[in-house]
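What follows is a short report on a single structure.
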Amino acid sequence: MNIPAISDSEWKIMKVLWNENPKTATEIMEELEKETNWKPTTVKTLLSRLVKKEAITYENKNRKYYYTPLIGEEQCVIEESKSFLQRVYNGGVKSLVANFLHMEKLSKEDVEELKKILEDK
């Protein structure tokens, strides 16, 4: 399955739907109202884009549209990670990790966990 490119705003909608679905546009708006100041038309536009991208689908029940994701969160995270890695680091994992390690303060536990991940790979 081809995973579509999803904008930052569309990610917010997808996260709501991944957390619980199906949901109506109103339910999505209510969940996002604390972190966004989106108008109903904005949410409906984003939902429409996600339907066109085949990231979500909808079902009309009693004149209400219920939205459900067609793609999983893990699939999207993997694709977004690949895209970011290619865009920013020309696909170089080593550069990404080195930059991250330079920027972040890691505990001993973090370092041990990273070592284990690398050893298991």
Side-chain angles (χ1 to χ4, degrees):
M1 172 179 225
N2 218 6
I3 305 297
I6 296 175
S7 72
D8 290 345
S9 297
E10 292 166 345
W11 266 93
K12 290 179 194 256
I13 301 251
M14 292 301 293
K15 284 181 179 183
V16 168
L17 290 173
W18 285 323
N19 189 42
E20 183 183 349
N21 63 78
K23 281 192 176 282
T24 65
T26 303
E27 292 170 329
I28 294 167
M29 280 183 272
E30 287 170 358
E31 200 157 323
L32 290 173
E33 71 186 353
K34 293 175 188 129
E35 65 178 274
T36 69
N37 58 354
W38 292 344
K39 306 227 179 302
T41 52
T42 302
V43 173
K44 289 179 181 169
T45 297
L46 292 169
L47 287 167
S48 176
R49 286 182 192 165
L50 287 166
V51 167
K52 283 182 187 168
K53 292 179 178 185
E54 297 181 355
I56 64 173
T57 188
Y58 64 90
E59 188 176 350
N60 187 347
K61 293 182 191 173
N62 299 324
R63 296 175 25 176
K64 278 190 176 183
Y65 291 96
Y66 290 85
Y67 296 91
T68 305
L70 288 172
I71 53 179
E73 183 173 11
E74 188 175 328
Q75 293 170 292
C76 285
V77 168
I78 289 169
E79 281 305 309
E80 188 65 25
S81 298
K82 286 180 187 176
S83 173
F84 173 79
L85 188 62
Q86 191 59 48
R87 233 179 22 254
V88 178
Y89 293 98
N90 292 323
V93 174
K94 194 166 39 172
S95 299
L96 168 80
V97 172
N99 193 33
F100 174 74
L101 292 173
H102 179 72
M103 291 175 20
E104 293 295 318
K105 299 227 184 287
L106 299 176
S107 68
K108 277 187 175 185
E109 292 81 20
D110 291 335
V111 171
E112 289 305 315
E113 190 174 339
L114 286 171
K115 283 180 183 178
K116 182 167 177 12
I117 290 168
L118 290 171
E119 287 168 0
D120 290 348
K121 187 72 176 158

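What you see is a predicted model, and the numbers here were worked out from it, not measured in a lab. Residue numbers run from 1 in the order of the sequence given.
In this structure, the separation between CD1 on I13 and CD1 on I56 is 7.5 Å, given to the nearest 0.5 Å. Rounding to the nearest 0.5 Å gives a distance of 4.0 Å between CD of Q75 and CD1 of I3. Here the straight-line distance linking atom CG of L46 with atom CD1 of I28 works out to 10.0 Å at 0.5 Å rounding. Distance check: Y58 OH to L47 CG gives 11.5 Å after rounding to the nearest 0.5 Å.
Taking all atoms of both residues into account, the shortest heavy-atom contact from P69 to M14 is CB-CE, 4.1 Å. Annotation for V43 and A25: closest pair CG1-O, 4.2 Å, computed over non-hydrogen atoms.
You'll find the side chain of V16 stays beyond 4.5 Å of the side chain of E27, heavy atoms only. Side-chain contact check for E31 versus K23: some heavy-atom pair is nearer than 4.5 Å. Here the side chains of Y67 and L17 are in contact, with some heavy-atom distance below 4.5 Å. Using a 4.5 Å cut-off on side-chain heavy atoms (C-beta onward), K12 and T36 make contact.
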Show me, pair by pair, the donor-acceptor contacts under 3.5 angstrom made by side chains of residues 84-92, not counting sequence neighbours?
residue	atom	partner	partner atom	Å
R87	NH1	S83	OG	2.7
Y89	OH	N99	ND2	2.7

Could you pull out all donor-acceptor pairs under 3.5 Å where a side-chain atom in residues 109-118 meets a protein atom, sequence neighbours excluded?
residue	atom	partner	partner atom	Å
E109	OE1	S107	OG	3.3
D110	OD2	S107	N	3.2
D110	OD2	S107	OG	3.3
K116	NZ	D120	OD2	3.1

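Environment of CG in N37: sparse, with no more than 12 heavy atoms of neighbouring residues, nucleotides or ligands closer than 6.0 Å. Under a cut-off of 6.0 angstrom, the local environment of CD in E35 is crowded, with over 12 non-hydrogen atoms contributed by other residues, nucleotides or ligands.
Under the 4.5 Å side-chain heavy-atom criterion for grouping Ile, Leu, Val, Met, Phe, Trp and Tyr, I78 is not connected to L70 through any hydrophobic cluster.
A salt bridge does not link K15 to E73: none of the charged nitrogens lies less than 4.0 Å from a carboxylate oxygen.
For E10 (side chain) and S7 (main-chain N/O), a donor-acceptor pair under 3.5 Å exists by modelled atom type. In this structure, the side chain of T45 engages the main chain of T41 through a donor-acceptor pair within 3.5 Å. Looking at E79, its side chain never comes within 3.5 Å of a backbone N or O of C76 through a donor-acceptor pair. Although no hydrogens or angles enter the test, the distance criterion places no donor-acceptor pair under 3.5 Å between the side chain of S48 and the main chain of K44.
Aromatic ring orientation, W11 versus W18: perpendicular (interplanar angle above 60°, classes split at 30° and 60°).
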Problem - Criterion side-chain contact (heavy atoms from CB on, under 4.5 Å) on E59 and T68, from CA distance to verdict - result: CA-CA 8 Å; E59 188 176 350; T68 305; over 6 Å; no
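Partners of Y66 according to the ring-ring contact (aromatic ring centres under 6.0 Å, His included) rule, which considers only residues two or more places apart in sequence or in another chain, do not exist here.
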